Amino acid sequence: MALFSLIGHPHRRYNPLTDEWILVSPHRARRPWQGQREKPNIESRPEYDADCYLCPGNRRAGGAVNPQYQATFVFDNDFMALLPDTPHGEVREDDLLIAKSESGLCRVVCFSPSHNLTLPQMSESAILQVVEVWQQQYVEIGQRPDINYVQIFENKGAMMGCSNPHPHGQIWANATVPHIPAQERKALLQYHEHKGSCLLCDYLALEERKGERIVCVNDHFVALVPFWAAWPYEIMVLSRRHLASIDQLDGAESQALANIIKRMTTRYDNLFSISFPYTMGIHQQPTDGAPHSEWHWHMHFYPPLLRSAEVRKFMVGYEMLANAQRDLTPETAADRLRQLSEVRFDQTAECSNPQ
Ligand code: H2U
Ligand code: ZN
C-alpha cells in the first residue's frame with residue numbers, strides 16, 4: 001500500500017479552535033456536477049436605488065427615514081432577533097426541557113451610502129471608516145451591563161441569504177457568549193493551560209514558517225486558508241499582535257486591517273470574476289468586564305462557492321449528519337487565491353480603457 005499523503009488520500013483534519021473534525025477527500029475534486037447551478041451575479045446596480053431600505057434618505061420597512069449619510073450609518077435593526085428589557089426567566093423540567101430568557105440587541109451597519117459598492121470596491125480609507133465604526137460599536141454596546149458578547153458579521157450575496165445588495169453588515173449582541181465563540185474560548189484557554197502560549201499565536205508562526213496556506217499579509221495581519229478549513233475558499237484573518245478585541249487596534253493596525261480586507265476580498269471577487277458571496281464575522285473577547293488575555297482577535301470568511309460562479313458547496317447530507325467534508329484541499333485553495341490579482345477584475349487597464 002502507498003504511503004499516506006495529504007494530497008492523495010482521504011483523511012480527517014482537526015480544528016483545534018472548535019474541537020471538530022473535517023473529512024478531506026482530495027481525490028474527489030474532479031467529480032461531475034449535474035446539480036443546481038447558481039446565476040452569476042454580474043448585474044450592475046445604480047449608485048442610488050429609490051426602493052432600497054438602506055440608501056440615504058429612504059424610508060425603511062420599520063417606518064424610520066434614513067439620514068443623508070455620507071460614509072457609514074448605524075441603526076437599530078427594525079426587526080431585532082434579540083430585545084433589550086427581556087424579562088428574566090427560566091424553564092426547567094426533568095433536566096430535559098430547559099429554556100432561559102435572553103436579552104440583547106441587533107443593529108445594522110451600512111458600509112457606504114453607495115448602493116452599488118461592496119467592500120472590495122470601496123477605497124481603503126472608506127473601509128477604515130467601517131473598521132472604526134466596528135470599534136465604536138463594540139465599545140459602546142459592550143459597555144452595557146446586559147451585554148456580554150458582541151457579534152459583528154456580514155452576509156454578502158443572495159446565496160448567503162443577504163436580503164439587500166446595499167453594502168451592509170450586522171451586529172447582534174447578547175447577555176451570554178454564543179456557542180461558537182464559547183467553544184473557541186474554551187480551546188484557547190485549554191491550550192494556554194497546557195502549553196503556556198496562545199494557540200493562534202503558535203498557529204500563525206507555524207503557518208508563516210510553512211507558507212503554503214497563506215494568501216496575503218501586511219505588517220499587522222495575515223490572511224490564510226486554515227489547515228482545518230471547511231468551506232472551499234474559507235479564510236481566517238489573524239492579527240500578528242496578540243490582542244483580544246478590535247478596540248485594541250492602534251491607528252496603524254486599523255489601517256492595516258482595512259488594507260487586508262480590501263486585498264483579500266478583491267482576490268475573492270477575482271476568483272470567478274463576480275461579486276463573491278460569503279458570510280464573514282469577527283471573533284473577539286466577551287464584554288463581561290473580566291480579563292480575557294486568552295483571546296486572539298480574528299475574522300472568519302466562509303464563502304460557499306466551490307468551482308465556478310455556478311457551483312456551490314452545500315453543507316448537507318454527511319455534513320448535517322456526521323461532520324463537514326471537502327474535496328478541494330486547503331492548500332490548493334490557498335494556492336489559487338495567492339495566484340490572483342489584487343486589482344479587481346473590472347478595474348484592469350483593458351476594462352477601464354475600452355478601445
Ligand atoms: P441581511 O444582512 O441578511 O441582509 O439582513 C438585513 C437586516 O436588516 C435584517 O436583519 C434589517 C433586517 O431585519 N432591516 C431593518 O432593520 N430595516 C429595514 O427596513 C429592512 C431590513
Ligand atoms: Zn441602497
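If you read the sequence from its start, that first residue is 1, and numbering goes on from there. Just follow the structure's listing: the first ligand is 1, and inside any ligand the first atom is 1. Given the structure is predicted, the values throughout are model-derived calculations rather than measurements.
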Checklist outcome for this item: For C162, the atoms of ligand 1 under 4.0 Å from one of its heavy atoms are 3 (O), 4 (O)
Next on the checklist: Suppose we measure from atom 21 (C) of ligand 1 to each protein heavy atom; which comes out shortest, and what is that distance?
Outcome noted: Y53 CE1, 3.2 Å
Checklist outcome for this item: Among non-hydrogen protein atoms, atom 5 (O) of ligand 1 lies closest to Q170 NE2, 3.0 Å
Checklist entry - Does the ring of F227 carry R13 above it, NZ/CZ under 6.0 angstrom from centre and within 45° of its axis? => result yes
Checklist outcome for this item: Per-atom filter on ligand 1: closer than 4.0 angstrom to a heavy atom of N155 are 3 (O)
Item to check | atom 6 (C) of ligand 1 - nearest protein heavy atom and its distance | outcome: S163 OG, 3.4 Å
Checklist outcome for this item: Angle subtended at the Zn ion (ligand 2) by C55 SG and H166 ND1, to the nearest 10 degrees, is 110°
Next on the checklist: Is a donor from one side chain sitting under 3.5 angstrom from an acceptor on the other, for Q135 and S254?
Outcome noted: yes
Checklist entry - Side chains of D202 and S197: donor-acceptor distance under 3.5 Å anywhere? => result yes
Checklist outcome for this item: Note: heavy atom closest to atom 17 (N) of ligand 1, options V108, D78, L54, belongs to D78
Next on the checklist: Suppose we only allow N, O or S atoms; which atom of H115 ends up nearest to the Zn ion (ligand 2)?
Outcome noted: ND1
Checklist outcome for this item: The closest protein heavy-atom partner of atom 19 (O) of ligand 1 is A61 N, 2.6 Å
Checklist entry - Can you tell me if E154 and Y278 form a side-chain donor-acceptor pair at under 3.5 Å? => result yes
Checklist entry - Could R12 and Y14 be counted as a cation-pi pair, given that NZ or CZ must be under 6.0 Å from the ring centre and within 45° of the axis? => result no
Checklist entry - Should one rank N66, V109, N77 by closest heavy-atom distance to atom 10 (O) of ligand 1, which comes out on top? => result N77
Checklist outcome for this item: Counting from 1 in the order shown, the ligand 1 atoms closer than 4.0 Å to a non-hydrogen atom of G161 are 3 (O)
Next on the checklist: With no hydrogens and no angle check, just 3.5 Å: does a side-chain donor-acceptor pair link N15 and E20?
Outcome noted: no
Checklist outcome for this item: Looking only at heavy atoms, the pair that brings Q325 and S25 closest together is NE2-OG, 2.9 Å
Checklist entry - Which atom names give the shortest non-hydrogen contact between P113 and P56, and what distance separates them? => result O-CD, 3.4 Å
